[in-house]
Amino acid sequence: MALIVQKYGGTSVGSVERIQAVAERVKRWHDQGNQVVVVVSAMSGETDRLVGLAKQIQERPEPRELDVLLSTGEQVTIALLSMALAARGCPARSYTGAQVHILTDSVHNKARIRDIDAARVGADLKAGRVVVVAGFQGVDESGDITTLGRGGSDTSAVAIAAALKADECQIYTDVDGVYTTDPRVEPKARKLDRITFEEMLEMASLGSKVLQIRSVEFAGKYQVPLRVLSSFGEGEGTLITFEEDEVEDAKIAGIAFSRDEAKLTILGVPDRPGVAHEILGAIAAANIEVDMIIQNVAAEEATTDFTFTVQRGDYARALEILQARADALGARQVLGDEQIVKISLVGVGMRSHAGIASRMFETLAHEGINIRMISTSEIKISVVVDERYLELGVRALHGAFGLDQNGEV
Ligand code: ASP
Ligand code: MG
């Protein structure tokens, strides 16, 4: 007998028929003698619909009120799923986040979970009931409803699994696992049976959308065994493991990419202490997150060029800020480009294999793809290239590193 937390995303509970199918699956696990907690998202499209309603009234609704509204999506699915379970003779109880004391901070619309009182859930499990909890929501110290940011139900599930010390947290979704890259870009992408936690964390932060990044961070912090699998088929999915020696001996686990990128360059700034701070300080003060940063070696005239990337949604504002400061900084010119993407190779195997970077650059060169920026860490290499090369670049790298189905290098 095991304690399992299962999370079903929006598509998996997108209609009454699908909720019935989820109930069948949950009942099967329960009938096998497992204790089961189910965390659900809102029915697909529902959260967007609610956001749309709010925007018809106010372009920027009060975050507190938005949370009251958005949390209703998940409340619908917990009730429907509990009914579907009861209709099958499977005892179940639904709870909102507040009812099981998912305590968060008070940052409405992107709250972080602080604590969960597992007692109530535990009592139900002992009594043989399935517990159905609303994902994506919590409650702050003053009793106000909070939500965890889009995609937050993943994090709810992992947090509940951590609090209950569950044997496994299963994330059911519309794909059957974590792939070497997005199959919509490279149809030869292959499902991974296992991926290390570190690799998953990089993949999620570099653009893979399978899991909300916070949920992966949470799983790491509390060592929660996570599995991603399909709610539409059978199969073992992908296990996110903490044991590095359990994964296949590949150099590269996968290729992540992000279209949500833009870059800014400030040319000819004086090469003296404080310049980087003056440039990036202004950007940070506007709450804009900076990703890659490159500063050129100063040439003889003692000026340097400075390039960095931001999310595309922040591009216009970042450009404005730089232009406004260009004179004060003594800069020659400010340039920008929002037609860029980031492609990243991820793999713990990089630690022990030399030559990954050079093969990456060679592969891109062979396709005539110009690399605009490069950044590396212990287990990843990222390049920025022009947006029109995204598909070509991902496919070429996927082949070159033997990630294609049945591929070998
Ligand atoms: N319903 C929320 C959303 O659409 C949370 C989730 O599905 O994880 O973002
Ligand atoms: Mg989701």
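Order of listing sets the numbers, starting from 1, for every ligand and every atom in it. Since this is a predicted model, take the numbers as computed values, not measurements.
For the 3.5 Å distance criterion, the side chains of Gln137 and Glu74 fail to qualify, holding no donor opposite an acceptor.
Note on ligand 1: Gly152 sits in its first shell, one or more heavy atoms being nearer than 4.0 Å. Ligand 1 lies less than 4.0 angstrom from a heavy atom belonging to Gly151.
The list of salt bridge (Lys or Arg N to Asp or Glu O under 4.0 Å) pairs with a residue in residues 54-73, not counting sequence neighbours, reads Arg64-Asp144.
Interface of Ser153 with ligand 1, defined as ligand atoms under 4.0 Å from a residue heavy atom, comprises 5 (C), 6 (C), 7 (O), 8 (O). Below 4.0 Å from some heavy atom of Glu74 lie the following atoms of ligand 1, by number and element: 1 (N), 2 (C), 5 (C). Interface atoms of ligand 1 facing Ser41, defined by a heavy-atom separation under 4.0 Å, are 6 (C), 7 (O), 8 (O). Using a 4.0 Å cut-off to heavy atoms of Arg150, the atoms of ligand 1 that qualify are 3 (C), 4 (O), 9 (O).
Using a distance-only test at 3.5 Å, with no hydrogens or angles considered, a donor-acceptor pair links the side chain of Arg312 to the main chain of Arg259.
Any N or O atom pair closer than 3.5 Å counts here, and Thr47 shares at least one such pair with ligand 1. Among the atoms of Asp154, none of the N or O lies under 3.5 angstrom from an N or O of ligand 1.
Partners of Glu24 according to the side-chain contact (heavy atoms from CB on, under 4.5 Å) rule, which considers only residues two or more places apart in sequence or in another chain, are Arg88.
Residue contacts with ligand 1 for Gln212 are absent, since no atom lies close enough (heavy atoms, distance under 4.0 Å).
Glu236 CD: 12 or fewer foreign heavy atoms inside a 6.0 Å radius.
Residues Cys169 and Val224 share a closest heavy-atom pair of CB-CG1, 3.8 Å.
For the atom pair CG (Leu226) and CZ (Phe242), the distance works out to 7.0 Å, reported to the nearest 0.5 Å.
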